[in-house]
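I have placed the structure first, in the form of structure tokens, so that the comments after it can refer back to it.
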Number of protein chains: 2
Amino acid sequence: MNYAEFQKEIKITQKSICRDFFCQNHGSIRIKKEKTVLRNLEKIFGAALKISNQKGFQAMSMRDLSIETGLSTGAMYAYFSGKEDLLNMMQHHKRTMAMRIVEKYMKEETDPLIRLKTMLRVHLYISEAMQPWFYFSYMEAKNINKKQRNQAVESSRITENIIKEIILEGQKAGLFKDHDADMSASIIKAMLQEWYLKRKKYAKRQISVDRYADFLESIIMSFIRI
Amino acid sequence: MNYAEFQKEIKITQKSICRDFFCQNHGSIRIKKEKTVLRNLEKIFGAALKISNQKGFQAMSMRDLSIETGLSTGAMYAYFSGKEDLLNMMQHHKRTMAMRIVEKYMKEETDPLIRLKTMLRVHLYISEAMQPWFYFSYMEAKNINKKQRNQAVESSRITENIIKEIILEGQKAGLFKDHDADMSASIIKAMLQEWYLKRKKYAKRQISVDRYADFLESIIMSFIRI
DNA sequence: GTCTATACACAGATAGAC
DNA sequence: GTCTATCTGTGTATAGAC
């Protein structure tokens, strides 16, 4: 699998993300015409990600957002009940989107070695397709409410546990070295996060997500495999 | 070298950090009595790091800072000219402190293998001794002014280049595998950052900086050494 | 040196016209 | 559905007493 294939299969676009969001949240959105909602949600999410990822969500004013979207501040409140609500909505949505895709792909394999390799690629490719969302989610995690934060911590723990379980299976099967599985999983997750946190740096150096994935795979294999 | 030894040799304390700061900045601080300045700078920096690292620098109000330090808002403005100034001061100071220590240690060795190992430990140990500063510096990097940001990018580039140069030397000496040195350096830096970015997680799991250093060394050696 | 009181700019949010 | 106008709270920063 490479990124182009992944994209073709999943088709994560701004529009699909918004459609998905509308299906799950049409209760709390005052506007009812789907086409209008999609058009404006795309503007709002896009603008919020752009401004927040430049200077932080707290530093983004509703006026900033209004200018960037081309909507009035009044109009925006038809799509969310307040600034904090927008933040929580976005955090929640990123999580559910990402989790759903991971689960779909991870169910298909059983061999630990292939599972590990697949897992690496799926995570990298999702974070690439939704890079602004992942960056946002990471940098703004401090500001969300307790309930959401617990969910975020839980979700991150799950990701790490998936990696850990694969490593343990590999060790049991005699394929992997006897490293501390907890620590290995942590480090691997850090290397995955590096991709979306420093994406600009890699773009400047013209390193594609596929090349990054290949490199990661090679170094992880060299320290984890017997 | 372990962390206890490092600490004994360097003695990085909040007080030493503030004394150091005062020596370099007494021009821009209105108060002149050193003892008073040190006492209050320690309060201000401590409080600013605590609150910012909880909810972000932008979200921290001067009133918050005033309550946490026990100083009035008026009094604080005797130590910096505005909130933005405080941020830039802190960013600048973290950089110079860290850089100075790294340079001191890195000049002592020539063998690439030992240089790499030393470099790992020195970086981890500095970031441990100044963890709130490192976390702050990373998370608030977006908000600083252009001049400071360029310095920050430059400083980060230098760190990465030091690692890269060591790897290239090791390859030339026939000690290291022929991996892409740029990528390897990036990944190693990411693993170093992981320590201070997720320090709470490791504290909860009772993993010390020494154990983390040992683990990092072992996995880096296993993928980098021939 | 430090405090209290306050200026005044700007934030988020809403009401009501269109 | 969207806009304009505006309310009200909170933010940073300062002036002047002590």
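Just so we're on the same page: letters track the sequence lines, and every chain starts at 1.
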>> Enumerate the salt bridge (Lys or Arg N to Asp or Glu O under 4.0 Å) contacts for residues 49-61 of chain B, please, sequence neighbours excluded, ordered by first and then second residue.
In response: B/Lys50-B/Glu68, B/Lys55-B/Asp64
> Is A/Ser61 touching bases, backbone alone, or none of the nucleic acid, heavy atoms closer than 4.0 Å?
Replying inline: sugar-phosphate
> Of all residues at least two apart in sequence or in a different chain, which pass the side-chain hydrogen bond (donor to acceptor under 3.5 Å, both in side chains) check with B/Gln131?
Replying inline: none
>> Applying salt bridge (Lys or Arg N to Asp or Glu O under 4.0 Å) as the test, list every pair that has at least one member in residues 182-197 of chain A; sequence neighbours left out.
In response: A/Glu160-A/Lys189, A/Lys164-A/Asp182, A/Asp182-B/Arg205, A/Glu194-A/Lys198, A/Glu194-A/Lys201
>> What residues from residues 73-88 of chain B pass a heavy-atom cutoff of under 4.0 Å to DNA chain D?
In response: B/Thr73, B/Gly74, B/Tyr77, B/Gly82, B/Lys83
>> Holding to ring pair (Phe, Tyr, Trp, His ring centres under 6.0 Å), I want the full list of residues that pass it with B/His93, two or more places apart in sequence or in another chain.
In response: B/Phe21, B/Trp133
> For the pair made of CD1 in A/Ile67 and P in D/dT4, what is the distance, rounded to whole Å?
Replying inline: 12 Å
> Would the A/Tyr135 and A/Tyr196 ring centres measure less than 6.0 Å apart?
Replying inline: no
> Hey, is the side chain of A/Arg63 poking within less than 4.0 Å of OP1 or OP2 on C/dC10, counting only N and O atoms?
Replying inline: no
> Is there a residue in residues 29-58 of chain B whose heavy atoms reach under 4.0 Å of DNA chain D, and which residues are they?
Replying inline: none
>> Without decimals, in angstroms, what is the distance between A/Leu71 CG and D/dG1 C1'?
In response: 10 Å
>> Among residues at least two apart in sequence or on other chains, which ones pass ring pair (Phe, Tyr, Trp, His ring centres under 6.0 Å) with B/Tyr77?
In response: B/Phe80
> For B/Tyr202, which residues count as a ring pair (Phe, Tyr, Trp, His ring centres under 6.0 Å) partner, sequence neighbours excluded?
Replying inline: B/Trp195, B/Tyr212
> Got a sec, which residues hit ring pair (Phe, Tyr, Trp, His ring centres under 6.0 Å) with B/Tyr138, two or more places apart in sequence or on another chain?
Replying inline: none
> Quick one: B/Met62 CE to D/dT14 P, roughly how many Å, whole number?
Replying inline: 10 Å
